[in-house]
Amino acid sequence: MEHYPKQKIEFYRRRSFSEKMNATFDFIRENWKPLLKYTFYLIMPVCLIQTFFMNSFISGYMGLLTSEGKGLPFSANNILVSYGALMFCSLVGSAIIAGMVYAMMQTYATRADGLKDVTLNDFKENLIRNFWKIICISLFLIFLLSVIILAAVFLAVTISEVSLFITIPIFFIFLLLLIPFVMIVPVYIFERDIRFSDAIAKAWKLGTETLGGMLALMFVLYVISSIIQTITMLPWYIVIIVGNVFSLMNESQMNQSAVYKFAVYILGLIQSYGMYASSTIGTIGLAFHYFHAREKIEGISIESNISNFGNL
């Protein structure tokens with residue numbers, strides 16, 4: 001019996017909300033093995049470090065709440081250092097995951113067999129390029145958000161309290177205006193030769209003209225991802241709470257034992273990995289919304305130019 005190769009998922013196509021959902025999960029269903037495999041390989045080193053600082057931050061925070069008069073070695077400095085390291089790991093980890101997913105999507109479009117038997121070398125170059133682009137985008141958005149927050153704080157402090165009725169709504173309006181810039185990630189990655197300033201302008205255009213569809217899709221995918229994250233987080237969270245409650249009730253040092261710390265670390269590792277793995281759903285969904293938005297507004301077609309996918 002003759003077997004025909006399975007038709008690959010078309011990227012650049014106008015899709016309704018349900019069609020974008022279907023395309024997202026069709027891509028995950030078709031490629032879940034390489035996605036999980038390389039998610040594990042690439043993000044686990046970050047998770048190992050992130051979990052350490054996450055548990056250190058939680059221990060320090062809980063210690064400050066419960067160490068009054070007990071002289072426990074917790075300080076605000078320890079918490080700040082742990083929190084800063086945690087945020088740095090989150091920045092790097094998020095860039096790795098998004099860069100990996102989009103590199104694999106780029107490879108899927110250009111390989112005849114999609115991601116079947118794909119190796120790291122097949123998408124390593126795109127992964128590295130995407131990683132640095134996402135770091136650049138993240139720093140830009142952090143800078144922009146910091147400017148907005150500092151401006152709001154400055155106005156709130158230097159002007160009368162009555163001005164808060166104006167300052168606060170303006171602050172939230174600026175935050176809402178940042179939403180369309182979510183599109184800058186797929187724009188800057190999939191349009192390889194585009195300048196960063198042009199990517200910002202194009203992200204605003206694509207984001208504002210398809211804002212309703214983007215919000216609806218990302219909300220639903222966020223809920224799905226949050227459910228997965230909650231499932232992987234609950235064991236870690238419960239053990240943390242139970243350990244601290246027992247330590248308070250019995251005045252014991254249960255949360256200082258080696259067995260407890262090892263259990264919390266392993267469960268924290270599962271929680272961190274679950275967070276990154278579930279984030280791939282929203283990352284893929286955003287890409288399919290970008291494909292839809294670009295086809296809707298510009299009318300390009302991947303089928304007619306698949307060999308030049310990286311330059312589209």
Legend entry - Point-to-point distance, once rounded to the nearest 0.5 Å, from CD1 of Ile194 to CD1 of Ile184: 9.0 Å
Legend entry - Non-hydrogen side-chain atoms of His289 and Leu206 separated by less than 4.5 Å: no
Legend entry - Separation of Ile43 CD1 from Thr280 OG1 (nearest 0.5 Å): 11.0 Å
Inset, instruction - Group every Ile, Leu, Val, Met, Phe, Trp and Tyr by side-chain heavy-atom contacts under 4.5 Å, then state whether Leu139 and Val147 land in the same group. - result: no
Inset, instruction - Verify whether one side chain among Ser278 and Gln229 offers a donor that lies under 3.5 Å from an acceptor in the other. - result: yes
Legend entry - Atom of Gly285, atom of Leu217 and distance for their closest heavy-atom approach: O-CD2, 3.4 Å
Inset, instruction - May I ask you to test the Trp32-Phe27 pair for a side-chain heavy-atom distance under 4.5 Å? - result: no
Inset, instruction - Determine whether the side chains of Gln50 and Tyr273 contain a donor N or O and an acceptor N or O closer than 3.5 Å. - result: no
Inset, instruction - Check Ile284 against Ile28 and note the closest heavy-atom contact, atom names and distance. - result: CD1-CG1, 3.6 Å
Legend entry - Within one Ile-Leu-Val-Met-Phe-Trp-Tyr cluster: Met44 and Phe262, side-chain cutoff 4.5 Å: yes
Legend entry - Heavy-atom donor-acceptor pair, Tyr102 side chain to Thr283 backbone, under 3.5 Å: yes
Legend entry - Partner of Tyr38 by side chain to side chain contact (heavy atoms under 4.5 Å, CB included), out of Val118, Ile97, Leu115, Val101: Val118
Inset, instruction - List the steps, then state whether side-chain contact (heavy atoms from CB on, under 4.5 Å) holds for Ile240 with Val264. - result: CA-CA 7 Å; Ile240 288 283; Val264 169; 3.6 Å; yes
Inset, instruction - Anything under 30° is parallel, anything over 60° is perpendicular, the rest tilted; go ahead and classify Tyr12 against Phe291. - result: tilted
Inset, instruction - Give a yes or no on this: more than 12 heavy atoms of other residues, nucleotides or ligands lie within 6.0 Å of atom OH of Tyr222. - result: no
Inset, instruction - Begin from the C-alpha positions of Lys202 and Arg294 and carry the test side-chain contact (heavy atoms from CB on, under 4.5 Å) through to its verdict. - result: CA-CA 10 Å; Lys202 190 162 189 177; Arg294 196 165 180 207; 3.4 Å; yes
Legend entry - Shortest non-hydrogen separation from Ala103 to Leu127 and the atoms involved: CB-N, 3.6 Å
Legend entry - Short N-O contact, Glu125 and Arg129, less than 4.0 angstrom: yes
Legend entry - Greater than 12 external heavy atoms within 6.0 Å of Phe88's CZ: no
Legend entry - Leu269, Ile270, Ile241, Ile58 screened by side chain to side chain contact (heavy atoms under 4.5 Å, CB included) with Trp236, the one that passes: Ile58
Legend entry - pair Leu221-Met21: side-chain heavy atoms closer than 4.5 Å: yes
Legend entry - Tyr237 side chain reached by Leu267 side chain, heavy atoms, under 4.5 Å: no
Legend entry - Test log, rule side-chain contact (heavy atoms from CB on, under 4.5 Å), inputs Ile224 and Phe25: CA-CA 12 Å; Ile224 296 172; Phe25 287 102; 3.8 Å; yes
Inset, instruction - Flag this pair as yes if the NZ/CZ of Lys20 is under 6.0 angstrom from the six-membered ring centre of Phe288 and inside a 45 degree cone about the axis; otherwise no. - result: no
Legend entry - Close side-chain approach of Ile96 and Tyr276, heavy atoms under 4.5 Å: no
Inset, instruction - Grab the two heavy atoms, one from Met100 and one from Thr39, that are nearest each other, plus how far apart they are. - result: CE-OG1, 3.2 Å
Inset, instruction - Report yes or no: do His292 and Thr210 form a side-chain donor-acceptor pair below 3.5 Å? - result: no
Inset, instruction - Is it possible for you to say whether Val182 and Ile142 belong to one hydrophobic cluster, with membership spreading through side-chain heavy-atom contacts below 4.5 Å? - result: no
Legend entry - Nearest-0.5 Å distance, CE of residue Met105 to CG of residue Asn126: 12.5 Å
Legend entry - Shortest non-hydrogen separation from Gly99 to Asn130 and the atoms involved: O-ND2, 3.3 Å
Inset, instruction - Look only at the side chain of Ser94 and the backbone of Leu91, and say whether a donor-acceptor pair between them is shorter than 3.5 Å. - result: no
Inset, instruction - Verify whether one side chain among Glu30 and Tyr108 offers a donor that lies under 3.5 Å from an acceptor in the other. - result: yes
Inset, instruction - Determine, for Asp198 against Arg195, whether the closest basic-nitrogen to carboxylate-oxygen distance falls under 4.0 angstrom. - result: yes
Inset, instruction - Give the cluster check for Ile231 versus Val223: same hydrophobic cluster or not, with ILVMFWY residues linked at side-chain heavy-atom distances below 4.5 Å. - result: yes
Legend entry - Test item: Tyr260 side-chain N/O and Val239 main-chain N/O as donor-acceptor pair under 3.5 Å: yes
Legend entry - Side-chain donor-acceptor contact under 3.5 Å, Glu191 with Tyr290: yes
Legend entry - Exercise: identify the closest heavy-atom pair between Pro186 and Leu286: CD-CD2, 3.8 Å
Inset, instruction - Look up atom OG in Ser59 and atom NZ in Lys261, then write down how far apart they are to the nearest 0.5 Å. - result: 7.0 Å
Legend entry - Interatomic distance, Met214 atom CE to Ile179 atom CD1 [nearest 0.5 angstrom]: 7.0 Å
Legend entry - Atom CZ of Phe196: over 12 foreign heavy atoms under 6.0 Å: yes
Inset, instruction - Indicate yes or no: at least one non-hydrogen side-chain atom of Ile297 is less than 4.5 angstrom from one of Lys205. - result: yes
Inset, instruction - Could you give me the CA-CA distance, side-chain angles and deciding distance for Ile200 and Tyr188, then say whether side-chain contact (heavy atoms from CB on, under 4.5 Å) is met? - result: CA-CA 8 Å; Ile200 294 173; Tyr188 197 40; over 6 Å; no
Legend entry - Any Ile189 side-chain heavy atom under 4.5 Å of Ile137 side chain: no
Inset, instruction - Determine whether Arg13 and Glu19 make a side-chain contact, defined as any pair of heavy atoms from C-beta on separated by less than 4.5 Å. - result: yes
Legend entry - Distance, nearest 0.5 Å, that separates CG of Asn22 from CZ of Arg29: 8.0 Å
Inset, instruction - Evaluate salt bridge (Lys or Arg N to Asp or Glu O under 4.0 Å) for Glu10 paired with Arg15, printing each intermediate quantity in order. - result: CA-CA 11 Å; Glu10 183 183 354; Arg15 289 180 168 95; 5.7 Å; no
Legend entry - Ring centre gap for Tyr265 and Phe52 strictly below 6.0 Å: no
